[in-house]
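This report concerns only the one structure given below.
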Amino acid sequence: MRTLTHTVAGSTVGIHFPERREDLDGFRAFLAGGDKVLAFDTEGIGLDVYTPGHRLRLAQFGNSREAWVLRTDLFAEEAAAALRQPRPFVMHNAPFDLLTVDRHLGVRLEDLGARTFDTRVLAHLLDPRAPQEGGIGLGLKPLSAVYVDPDAPDTQEGLTAVFRSLGLTKATGWAGIPVDNETYVRYAGLDVILTHRLFRELGPMVRDIGLDRLSKFEHHLQVLLAILQRKGFRLDVPYVERLKADLLGEAERGRAVARRYGVENVNSTAQVAAALEAMGEKLTERTASGATKVDKGVLLPLADLSLSWERLDVRTPNPLADAVLRSKRAEKWAVAYADAFLTLRDANDRLHPSIGALQARTARMSISRPPLQQLPSSDWRVRRAFVADPGQSIIAADYQAVEMRVLAALSDDETMKRAIAEGVDLHSFTAERVFGPDFTKAHRKIAKAVGFGKVYGGGAATICRQTGADLVSVKRALAAYDATFPGIKRYSRRLMERAEFGRREVVTPSGRHLPLDRDRLYAATNYVVQSTARDLLAQAIVDIFAAGLGDHLLLPVHDELIAQAPTADAEEVIREVGRAMESTFYGVRIASDPEVYGPSWGHGYGAPE
DNA sequence: ACGATCACG
DNA sequence: ACGTACGTGATCGTG
C-alpha cells in the first residue's frame with residue numbers, strides 16, 4: 001500500500017493506493033466511516049465510453065480529508081460493491097462517470113444516478129458563465145480555485161506535463177502512463193477530495209438561493225439524458241461509407257475548378273479573396289479583425305445563388321465562387337459528419353453522442369461527438385445516416401413556434417395571446433397588420449424575421465442582412481410590430497430596467513438566474529425566452545419518462561424530440577409523446593406537431609422511398 | 001490559441 | 001436617441 005500526502009487549503013490530506021488485497025481493509029473502514037456523502041471519480045482512456053478500446057483504469061473514492069484510488073484491473077469488484085451501497089455520492093460532471101461505471105463495472109446508471117449529486121450542476125445554477133464570459137467556468141479546477149483552494153493544482157494540465165516527460169502526448173498519455181505513476185495517482189486522488197470539498201461549499205449556496213427543487217430536477221433530467229446516450233442511435237454504415245465517398249468526390253471536383261483560378265486551398269480565405277479580386281470581383285465586406293470577408297454570404301451572390309442555393313438569374317455566376325462554395329460544403333460534410341460518424345460508432349454500429357443536459361448560459365442542451373443538433377436540414381443526405389432499430393420507425397414531435405408562445409405568455413401581450421388562442425399563423429398575422437390583407441409570401445418572410453429579430457434583440461440592419469429584405473420594409477415592419485404587440489416592448493423594457501438598476505441578471509419562471517453582460521442588456525428577453533423554452537422541453541422529457549415512454553426517445557433538438565417506435569404503433573406513440581410535450585403556460589397553449597418520419601431520420605427531410 | 005467559417009434551433 | 005441578432009460544436013488556417 002502506498003500513501004501520498006498533499007496540502008489542500010492548509011490541511012494535510014492522504015491519498016491511499018492499495019496494491020494488495022489486504023490493503024483494502026483500510027478502504028472498507030473508510031467506507032464504514034461517518035461520511036454521509038462520498039465523492040467519486042474515474043480515470044479511463046478516451047472520452048468516448050462506447051468506442052472500441054475504451055478502458056477504465058482507476059476508480060477513486062474520497063471525502064474532504066482522504067482519497068482511495070483503486071486500480072480497476074485489481075479491484076473492480078470492490079469498487080463496484082462500494083458504489084452499490086445505498087448511499088449518496090457526489091461527482092463532478094456525473095453523467096460521464098455514471099456511464100463509465102455502468103459500462104465497465106456493471107453498476108446501473110439508473111440506480112447510482114438516482115443518488116448522485118453533481119457539483120457541475122450546482123455550479124451552473126450559481127453561475128452558468130464560461131470564463132470568457134466573465135464567469136468562473138464549470139471545470140473542477142477553476143471552481144476549486146475559487147471555492148476550495150486557490151493553489152489547488154490543475155490536475156489535467158499537470159498530467160499533460162507528465163505525459164510529455166514520458167514521451168507521451170495528450171492523446172496517448174491516458175493509455176500509456178503507468179497506472180502507478182505517482183503524479184497520476186496523486187491527481188486522481190486530489191480530484192475526489194476537491195469534489196467533496198466543493199460540494200460542501202456549493203450545496204448550501206444553492207439551497208440558500210432557493211434552488212433546491214430546480215437542482216433536484218436537473219439532477220434527475222441529466223440521468224435520463226445519460227440513458228439516451230447509453231442507448232445510442234443506429235448508424236447505416238454502408239450508406240455512410242457511400243455518402244462519404246460521394247462527398248469527397250464532390251469536394252475534389254470543386255477543388256479542381258478552384259485550382260484553375262490559382263486557389264490551391266479552398267479553405268484559405270486569403271487565397272480565395274485574392275483570386276476573386278484578380279477576377280475583377282469587388283470584395284467590400286470585412287471581418288471584425290479587418291480581413292476581407294469571403295464567407296457564404298459573400299460568395300453566394302457572386303455565384304448567382306440565393307441563401308437557399310437557388311439560381312437567382314441576376315448575374316453571370318462566378319465559377320470560382322461556385323466551386324469554392326460546393327467544395328467547402330462537401331468537404332465539411334464528409335469530415336465533420338460522415339467521417340465522424342464512422343469514427344465514433346461502437347462495435348454495434350451505434351452512435352452515443354454526449355448530451356449536455358445543462359450546457360449553455362441559458363441552460364440549453366448541447367450534443368457533441370458528434371454534433372447531432374447541427375446536421376444539415378436543407379438536405380436529407382446526412383440525416384439519412386441514422387436509422388431506426390429493426391422493425392421500428394423514426395418519429396418526431398416539435399413545438400410550434402415555442403419561443404413566440406413563451407414570449408406571448410411571459411409578456412402577457414393580449415394581442416399575441418389572442419392570436420395564438422385563435423390558432424392563426426403568427427407570422428401571417430403580423431404580415432397582415434403591417435402590409436395589409438393582400439400581403440405576399442415575401443411579406444410574411446419579413447414579418448417572421450422581425451418576430452425573430454425581436455426575440456433576439458436585433459435591429460433593422462441585421463434583419464435586412466439576414467433576409468435580404470429592403471430596409472424600408474423592415475423598418476416599417478418593426479414599427480408596426482411594436483404597435484401591434486405593445487406588451488412585448490413593455491416586457492423587454494421592464495427586464496432591461498430591472499437589470500440596469502438591480503442585479504445584472506434575469507430570473508426565469510423556473511427560478512434560474514441568468515447573468516447579463518453589462519453592454520448587452522438587450523439580450524435579457526432572449527435569455528428568458530430561450531431558457532424557458534428549454535425548461536419546457538426538459539419538463540417534457542421528465543414527463544415522457546414518467547409516462548413510461550422513455551424507451552422511445554433518441555434525442556432532444558432544442559424544440560423537438562426525435563424518437564422511434566415499432567412501425568405498427570408509430571402513429572400512436574408519437575401522438576402520446578406530442579401530448580406529453582404540450583402544456584398551458586401562463587394561459588398560453590404550448591402545442592406540438594407529431595410526425596412519423598419513416599426508416600431513417602432523413603425521411604423527415606425528403607429522403608426517397 | 002485564436003479567428004473565420006458554417007452547421008443547427 | 002439609437003442600435004445591438006441569441007445560443008451552441010466542430011474544423012481549418014494561421015501565427
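Values reported hereafter were calculated over all heavy atoms of this structure, with side chains retained and with hydrogens, waters and symmetry mates removed. Note on naming: letters A, B, ... go to the chains in the order of the sequence lines (proteins, then strands), and numbering restarts at 1 for each one.
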**Request:** Can you figure out which of B/dT5, B/dA7, C/dA5 approaches the side chain of A/R329 most closely?
**Result:** B/dA7
**Asked** Of the nucleotides C/dA5, B/dA7, B/dC8, which one has an atom closest to the side chain of A/K332?
**Response** B/dA7
**Prompt:** Between A/H558 (NE2) and B/dA7 (P), how many Å, whole number?
**Reply:** 15 Å
**Prompt:** Which nucleotide in the set B/dC8, C/dC6, B/dT5 lies at the smallest distance from any side-chain heavy atom of A/S378?
**Reply:** B/dC8
**Message:** Counting only side-chain nitrogens and oxygens, does A/Y527 get under 4.0 Å of the OP1 or OP2 atom of C/dG7?
**Reply:** yes
**Gap between atoms CD1 and C1', on A/I355 and C/dT8 respectively (whole Å)** = 15 Å
**Request:** Determine: side-chain N/O of A/R520 to OP1/OP2 of C/dC6, distance under 4.0 Å, yes or no.
**Result:** yes
**Request:** Using a 4.0 Å heavy-atom cut-off across all strands, classify A/V294 as base, sugar-phosphate, or nothing.
**Result:** sugar-phosphate
**Asked** How would you label the contact of A/E403 with the nucleic acid (heavy atoms, under 4.0 Å): base, sugar-phosphate, or nothing?
**Response** nothing
**Nearest-Å distance for atom pair CE/P, residues A/M365 and B/dG9** = 16 Å
**G-U wobble or Watson-Crick pairing nucleotide for C/dG13 (cut-off 3.5 Å, both distances)** = B/dC2
**Message:** If you compare every side-chain N and O of A/Q373 against the phosphate oxygens of C/dG7 (OP1, OP2), does one of them come in below 4.0 Å?
**Reply:** no
**Request:** Pick base, sugar-phosphate or nothing for A/K454, based on heavy-atom distances below 4.0 Å to the nucleic acid.
**Result:** nothing
**Prompt:** Do the side-chain N or O atoms of A/T462 get closer than 4.0 angstrom to the phosphate oxygens (OP1, OP2) of C/dT4?
**Reply:** yes
**Asked** If we ignore angles and hydrogens, is there a donor and acceptor under 3.5 Å between the side chains of A/S600 and A/H603?
**Response** yes
**Prompt:** Separation of A/Q132 atom CD from B/dG3 atom C1', in whole Å?
**Reply:** 14 Å
**Request:** Would you check if the side chain of A/H352 reaches a backbone N or O of A/L344 as a donor-acceptor pair within less than 3.5 Å?
**Result:** no
**Prompt:** Atom CD of A/E595 and atom CD1 of A/I562: how far apart are they, to the nearest 0.5 Å?
**Reply:** 10.0 Å
**Asked** Base, sugar-phosphate, or nothing for A/A461, non-hydrogen atoms under 4.0 angstrom?
**Response** sugar-phosphate
**Message:** From C-beta outward on A/R383, which listed nucleotide comes closest to its side chain: B/dT5, B/dA7, B/dC8?
**Reply:** B/dC8
**Item:** Short side-chain N/O contact from A/S268 to OP1 or OP2 of C/dG13, under 4.0 Å
**Value:** no
**Prompt:** Checking all strands, does A/A460 fall into the base, sugar-phosphate, or nothing category for heavy-atom contacts under 4.0 angstrom?
**Reply:** sugar-phosphate
**Request:** Describe the nucleic acid contact of A/R534 in one word from base, sugar-phosphate, nothing, applying a heavy-atom distance below 4.0 Å.
**Result:** nothing
**Complete:** Rounded to whole Å, CG of A/D482 lies from P of C/dG3 at a distance of 12 Å
**Message:** Using a 4.0 Å heavy-atom cut-off, does A/Y337 contact any base of the nucleic acid, only the sugar-phosphate backbone, or nothing at all?
**Reply:** sugar-phosphate
**Request:** Check every atom of B/dC6, C/dA10, B/dC8 against the side chain of A/K328 and return the nucleotide holding the closest atom.
**Result:** B/dC6
**Item:** Exercise: do A/S268 and A/N265 side chains pair donor with acceptor under 3.5 Å
**Value:** no
**Message:** If I pick the C1' atom on C/dA5 and the same atom on B/dC8, what distance separates them, to the nearest angstrom?
**Reply:** 16 Å
**Asked** With a 3.5 Å cut-off and just heavy-atom distances, do the side chain of A/K296 and the base of B/dC6 make a donor-acceptor pair?
**Response** no
**Message:** Is there, by distance only and without an angle test, a donor paired with an acceptor across the side chain of A/Q374 and the base of C/dT8 below 3.5 Å?
**Reply:** yes
**Fill in**
One should read off an interatomic distance between A/N526 CG and A/F452 CZ, to the nearest 0.5 angstrom, of 11.0 Å
**Message:** Pick the closest DNA chain C nucleotide for A/V335 and for A/K475 by heavy atoms, then say which residue is nearer the 5' end.
**Reply:** A/K475
**Message:** Mind checking if A/I463 touches a base, just sugar-phosphate, or nothing, with heavy atoms under 4.0 Å?
**Reply:** nothing
**Request:** From the options C/dG9, B/dA7, C/dC12, select the nucleotide whose nearest atom is closest to the side chain of A/P376.
**Result:** B/dA7
**Asked** Contact class for A/G453 vs. all strands (heavy atom < 4.0 Å): base, sugar-phosphate, or nothing?
**Response** base
**Prompt:** Which nucleotide in the set C/dT8, C/dA5, B/dT5 lies at the smallest distance from any side-chain heavy atom of A/E133?
**Reply:** C/dT8
**Prompt:** Across the strands shown, which category fits A/S531 at heavy-atom distances under 4.0 angstrom: base, sugar-phosphate, nothing?
**Reply:** nothing
**Nearest-angstrom distance from the residue atom CH2 of A/W380 to C1' of B/dC8** = 19 Å
**Prompt:** Is the phosphate of C/dC6, meaning OP1 or OP2, less than 4.0 Å from a side-chain N or O of A/Y522?
**Reply:** yes
**Asked** Are OP1 or OP2 of C/dG9 and a side-chain N or O of A/S366 less than 4.0 angstrom apart?
**Response** yes
**Request:** Counting heavy atoms from C-beta on, name the nucleotide in B/dC6, B/dG9, C/dT8 closest to the side chain of A/R361.
**Result:** C/dT8
**Item:** Option from A/L299, A/N267, A/V272 for which side-chain contact (heavy atoms from CB on, under 4.5 Å) with A/K328 holds
**Value:** A/N267
**Fill in**
Nearest heavy-atom contact between A/A275 and A/Y261 is CB-O, 3.6 Å
**Request:** Calculate the interatomic distance between A/E264 atom CD and C/dC12 atom P; express it in whole Å.
**Result:** 18 Å
**Request:** Return no unless some side-chain N or O of A/N265 is found under 4.0 Å from OP1 or OP2 of C/dG13.
**Result:** yes
**Complete:** Atom CG of A/L478 and atom P of C/dG3 are separated, to the nearest Å, by 10 Å
**Request:** Could you tell me whether a side-chain N or O of A/T172 sits under 3.5 Å from a main-chain N or O of A/T169, the two making a donor and an acceptor?
**Result:** yes
